[in-house]
Amino acid sequence: MNCDAADPLQTRLPAAGTAAAVLDADEFALFAKVGRMRQLKRGEQVFRRGELGTAMYVVMQGAIELDFGDDLVPKRLGPHEFFGELGLLIGHHARSADAIAATDVSLVELTKSEFEPLAQRDPRLLAHFLRRAIMRVVLNEHGLIARLRRRNLDLQGALDNLRATNHRLSQTEELTRTDELTGLGNRRGFQLHLEQRRHERDAFAGRGLLLIDCDRFKGINDEHGHLVGDRVLQGVANILRSAAGPDDIACRLGGDEFCLLVKAGRQSDLEHMAQFVISTARGLLELQASPPQITTLSIGASLATPGLGWDDWYAQADAALYRAKRLGGNRVEWQGDDALASA
């Protein structure tokens, strides 16, 4: 016996990666002889994805389409091709695809009762079929794993893009709420903060409002130019930033007007904050830097009054600020009759 002679059954195995599903003439003749014939019209379903199956099918005439769902490419099977073999070999196997008649089709259906006697009738031919069927399953599993890996990579790429887009949107949203020159919140950001609080009960209870305006700011711009004016505004912003606590809101409303919305339950708390801002600006100005890095400030101060709306509260602080400007600036003025001049 020549041990080097090739096994004719082995030479008929498909090359790695082909996952052939076509029966040769001998296999087809044998399966057609023992199987049960089924006739289907175009569009009829052999089985659905997820159903438990116990039978294998061979296409005699016509075509079957296997739809695997999701974004997987459907597969079209023609004469002598087989499908559903795991239902036969394993028993009660969940189908991985919808099997639909793409044309009028003739099928051979093999169940366990038809398949098992084949081991008695032609064991070598059956062994060849089983080896090929197993190889096909393995190759298909490898292909599925590769597709899942590619899908995971695509999904990871999509998630990374979404994160980057979300980050850019967050940055853009932050920029729309931030004053570019000073880094404080701008009027839009302040209004959004107010809108968020309007629906809260006693939203401004225990709060104080300081409206701050730069004294003679137009003169600084006219005499020294806008770049110096910008540095003065940045200096004011730095003072407000240092004065604001973690629960306070500092913003530039526009031009040379700023505001501080601070936590202050009593007038003395708000007065201490206002005097700190006034005295810090005054002390920096006394350093006599030229060109100037700061200017004196006028402040209108007002505590939140129970039952008073935001517009009325702002109007009181604005009236106090106007009074401070009219009296020469470099001072804090309060709402009502409690005017307090800074010496």
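Any value given below was found using the heavy atoms of this structure, including those in side chains, with hydrogens, waters and symmetry copies removed.
A side-chain donor-acceptor contact under 3.5 Å links Ser106 and Gln39. For the residue pair Asp215 and Thr295, no side-chain donor N or O sits within less than 3.5 Å of a side-chain acceptor on the partner.
Using a 4.5 Å heavy-atom threshold, the side chains of Leu210 and Leu261 count as separate. Between Gln61 and Val105, the closest side-chain pair of non-hydrogen atoms is not below 4.5 Å. A heavy-atom distance below 4.5 Å is found between the side chains of Asn330 and Arg282. Counting only heavy atoms from C-beta outward, the side chains of Thr111 and Phe115 never approach each other to under 4.5 Å. Annotation: side chain of Phe83 is in contact with side chain of Leu107 (closest heavy-atom distance under 4.5 Å). Within the 4.5 Å cutoff, the side chain of Tyr57 has no heavy atoms near those of the Glu85 side chain. Looking at Arg331 and Ile278, their side chains never come closer than 4.5 Å, going by heavy atoms from C-beta outward. With a 4.5 Å cut-off on side-chain heavy atoms, Arg231 and Gln234 count as touching.
Note that CG of Leu285 is 9.5 Å distant from CG of Leu297, once rounded to the nearest 0.5 Å. The distance from the NZ atom of Lys263 to the CE atom of Met273 is 11.5 Å, given to the nearest 0.5 Å. For the atom pair OG of Ser268 and CG of Leu303, the computed distance is 9.0 Å after rounding to the nearest 0.5 Å. Here the CG atom belonging to Leu209 is positioned 12.0 Å from the CD1 atom belonging to Ile249, to the nearest 0.5 angstrom. Separating the CG atom in Asn152 from the CG atom in Leu159 is a distance of 10.0 Å, to the nearest 0.5 Å. Annotation: the span from Arg216 atom CZ to Ser298 atom OG amounts to 7.5 Å, rounded to 0.5 Å.
A donor-acceptor contact shorter than 3.5 Å links the side chain of Arg241 to the backbone of Thr182. A donor-acceptor contact shorter than 3.5 Å links the side chain of Asp98 to the backbone of Arg49. Side-chain N or O atoms of Asp318 include none that pairs as donor or acceptor with a backbone N or O of Ala315 at under 3.5 Å.
A tilted orientation is assigned to the rings of Tyr314 and Trp310, their planes being inclined by 30° to 60°.
Considering all non-hydrogen atoms of both residues, Ala101 and Ile64 come closest at CA-CD1, 3.8 Å. The minimum heavy-atom distance linking Pro292 with His224 is given by the pair CD-NE2, 3.5 Å. Nearest approach of Leu88 to Lys112, heavy atoms of both residues: CD1-N, 3.5 Å. Of all the heavy atoms in Ala250 and Leu260, the pair that sits closest is CB-CD2, 3.5 Å.
Of the charged side-chain nitrogens involved, at least one lies within less than 4.0 Å of a carboxylate oxygen, so that Glu333 and Arg323 count as a salt-bridged pair. With respect to Asp213 and Lys325, a salt bridge is recorded, a charged nitrogen being found less than 4.0 Å from a carboxylate O. Classification of Arg42 and Asp104 as a salt-bridged pair fails, no side-chain N sitting under 4.0 Å from a carboxylate O.
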After noting the C-alpha distance and the side-chain angles of Ser302 and Trp313, does the key distance pass the side-chain hydrogen bond (donor to acceptor under 3.5 Å, both in side chains) rule? CA-CA 7 Å; Ser302 175; Trp313 184 23; 3.2 Å; yes
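In Tyr322, the OH atom is not crowded: 12 or fewer heavy atoms of neighbouring residues, nucleotides or ligands sit closer than 6.0 Å.
The six-membered or imidazole ring of Phe31 lies away from that of Phe82, with a centre-to-centre distance of 6.0 Å or more.
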